[in-house]
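What follows is a set of notes on a single structure, which appears directly below.
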Number of protein chains: 2
Amino acid sequence: MRVRLEDVARAAGVSPKTVSRVLNDEANVRGTTRTKVLAAMQAMDYSPLLSARSLASNRSFMVATLYDNPSSSYLTEIQTGVLEACDQHHYSMMVRPLLVEAKDFVERVDALISHRRPDGLILTPPITDHPGLLARLHERGVPYASISPIWRDDTIGAFMDEPQAAREMMANLLALGHRRIAHIIGHHAHGASGWRLAGYRDALSTMGLAYDPDLVVEGDFSFDSGVAAARKLFSLARTPTAVFAANDDMAAGVIWAAGEHGLSVPRELSVCGFDDTPISRQTWPRLTTIHQPSRKMGRVAALQLLEVLRGHSDGRMVQVPFTLQTRESTAAAI
Amino acid sequence: MRVRLEDVARAAGVSPKTVSRVLNDEANVRGTTRTKVLAAMQAMDYSPLLSARSLASNRSFMVATLYDNPSSSYLTEIQTGVLEACDQHHYSMMVRPLLVEAKDFVERVDALISHRRPDGLILTPPITDHPGLLARLHERGVPYASISPIWRDDTIGAFMDEPQAAREMMANLLALGHRRIAHIIGHHAHGASGWRLAGYRDALSTMGLAYDPDLVVEGDFSFDSGVAAARKLFSLARTPTAVFAANDDMAAGVIWAAGEHGLSVPRELSVCGFDDTPISRQTWPRLTTIHQPSRKMGRVAALQLLEVLRGHSDGRMVQVPFTLQTRESTAAAI
DNA sequence: TTGCAATTTGACAGCGCTGTCATTTGTCGC
DNA sequence: GCGACAAATGACAGCGCTGTCAAATTGCAA
């Protein structure tokens, strides 16, 4: 037979309610009592029944991670981080793929909340920036934490100084002597696309270089869009000597297209990406990129959300550090 | 205020228990009654409170997907498939990364089951083949479905005819005129490694070719192990003209190593993989591989598990079809 | 039409926990 | 040592559903 809270209470010689208090880490329990109860729990290998707790307290002890992101490695990292945080506080996590462009997007999230009743949500780009959804969440009073949202005010979660990272990457290319540097923009719905482009432009103007619109091509973060963008760049009258793609997948696409085009990387073309996903170590040559600590961001964002859910604080927006990862895909300009 | 089962009952003019019966799709409810109740549910946008259902019925309406797999794309596919099936039957899914080699592996799963109480488990390789775990699950009576387990007897889930797929891949290389074909084995704990090797050997013997142990190298399914294996192969006195890697990541590693070694793929070396993960379209040239329908396998396995959980049948082990995907990494032998 | 079994429906308790509020115990100043 | 107040603990109901079992209804043969 299952050990219930009542059994622990009897063993510890206190009332069930007191055990409940200890379980929920509530104030106003004497230290000696707490110790006694914890010992009894331990001895009996007690673990509370989630459904009973949920029913009585009207909480689900579950957070849902929402995503609409084609990159499985990014996703897995975020997910792993969120799980780490959840485990730490005995919460569980469910995952929910969504289509942010779908007409019924907000209704779908609404339905998820009504049916599954997560205590809070973890939002990943570009879901972080859907005004309709955010409005609905505020309306319903559903707590959430965002990872790399465009607007950080009044929002908790985790972010990175993306423009600065892009500037450092550009500084690296400029130091190698590159002057015709192309940029491949990511999916327009993602804040990252704008930030990385901004960093690109900043770096150019700092060096007193003109911004050449021909060298800036639209992509959508996918490998294929990187290939297409590179083909466009290779067809220019004056081709670039370096390409800074807004993520690794597109950078890998550029390397692929360079192979197709007979261009040697990095001898004739330097290529760099952003994110440091596994693909950056699986191209040949390996990609110079910005290491984005996705797992950590997932963990940090989830911890902030849990702070709120546990009523310990209001949570905050935490900045996490990036690092420039230099590999073989970049070299001095010819 | 939330709509409860009782409210629906009142609206439909029946007892709560009858609404419960309809909700749970139980027998012995008159057609007209059922219709009436369903209409009321619809009209009131009723959705049952999971925690109350769980508490009363001692089920969690949740399945857990267990994995210890380095490939995030494989995992995401499986996970998506499982989610599709769960959604269809109003179950939810949680994910759980594990280390199958950890000393306390079985205890960890045990704890998961005790604390989270999933109604059933989805096992992915190599967790599918851990005798200690399977014994414990049987002992505790926890239903599970396996994806590509080594032993299929008395197990439900989904699988593919892997040896046959490997034979077809080999037939393809042999038809291109290759005679010195190397094979890179996957992680020894995975059944897939054995099956793919078996297909490799079968194909050789069918063609009357000798099995050369020098041409068979151990890997572990990772990109890096593919690189290492390729380096070993390139150092042989008589190098192979084709490499059949047991998965795409290792095949990509071979292409990477070929670049490093100055070997042109596919002119001087044909390379093929297995699984058809995204990486197979992101190498240059793109990989010839076997398309493994992972998402479908996830869905099918979950559906079989749900059959059991819903008491509709005992479930079965379902075979799903593969396809040979020919791309640019293989060509006629020199 | 009646009697009997099979089918359909309902009454009621209770799953295991927490919220509310009452009660007991402890602390402190004087 | 006493009263006043705060801190700690407990009693009890009830969260929203389902299991059990009893009651009502139906179908069918005689």
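Letters go in sequence order (proteins before strands), and every chain restarts at 1. Just the heavy atoms: all of them, side chains too, but no hydrogens, waters or symmetry mates, feed the values below.
When each of Val19(A) and Ala27(B) is assigned the nucleotide of DNA chain C bearing its nearest heavy atom, the one mapping closer to the 5' terminus is Ala27(B). Across the interface with DNA chain C, nearest-nucleotide mapping of Leu55(B) and Val29(B) shows Val29(B) to be the residue nearer the 5′ end.
At a threshold of 4.5 Å between non-hydrogen side-chain atoms, the residues Met41(A) and Val19(A) count as touching. Two residues are said to be in side-chain contact when any heavy atoms from C-beta on lie closer than 4.5 Å; Leu134(A) and Leu123(A) meet this criterion. Ser294(A) is listed as a side-chain neighbour of Ile78(A), based on a closest heavy-atom distance under 4.5 Å.
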Solution key, residues 45-53 of chain B side-chain donor-acceptor pairs under 3.5 Å, sequence neighbours excluded:
from     : atom 1 : to       : atom 2 : distance (Å)
Arg53(B) : NH1    : Asn24(B) : OD1    : 2.9

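For the contact set between residues 31-39 of chain B and DNA chain D, defined by any heavy atom under 4.0 Å, there are no members.
A straight line from CZ of Arg2(B) to P of dC15(D) spans 13 Å, rounded to a whole angstrom. Between Asn28(B) atom CG and dA5(C) atom P the separation is 18 Å, expressed in whole Å. At whole-Å resolution of the value, CG in Asp25(A) and P in dT18(C) are 12 Å apart. Distance, Asn58(B) CG to dT18(D) C1': 11 Å, rounded to whole Å. In this entry the distance linking CG of Leu23(A) with C1' of dG10(D) reads 17 Å, nearest Å. The interatomic distance linking Arg10(B) (CZ) with dC17(D) (P) rounds to 12 Å, in whole Å. Between the P atom of dG10(C) and the CG atom of Leu5(B) lies a distance of 12 Å, rounded to the nearest Å.
Residues satisfying the side-chain hydrogen bond (donor to acceptor under 3.5 Å, both in side chains) criterion with Gln79(A), sequence neighbours excluded, are Gln79(B). Legend: residues meeting side-chain hydrogen bond (donor to acceptor under 3.5 Å, both in side chains) with Arg295(A), ordered by chain and number and at least two apart, are Glu84(A).
Phosphate contact (OP1/OP2 of dG10(D), side-chain N/O of Thr18(A), threshold under 4.0 Å): present. One finds no side-chain N or O of Tyr46(B) lying less than 4.0 angstrom from the OP1 or OP2 phosphate oxygen of dG16(D).
When the nucleotides dC17(C), dA7(D), dC17(D) are ranked by their closest atom to the side chain of Arg53(B), dC17(D) comes out on top.
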Please write out the pairs of protein N or O atoms and N or O atoms of nucleotides 19-26 of chain C separated by less than 3.5 Å, giving the distance to one decimal.
from    : atom 1 : to       : atom 2 : distance (Å)
dG19(C) : N7     : Lys17(A) : NZ     : 2.8

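By the 6.0 Å and 45° rule, Arg96(B) does not stack over the aromatic ring of Tyr67(B).
Counting non-hydrogen atoms under 4.0 angstrom, Leu49(A) reaches the backbone sugars and phosphates but no base. The residue Pro48(B) sits close only to the backbone: its heavy atoms come under 4.0 Å of sugar-phosphate atoms, none of a base.
The stretch residues 139-149 of chain A participates, sequence neighbours left out, in these salt bridge (Lys or Arg N to Asp or Glu O under 4.0 Å) pairs: Asp110(A)-Arg140(A).
We find the CG-CE distance between Leu83(A) and Met94(B) to be 7.0 Å, quoted to the nearest 0.5 Å.
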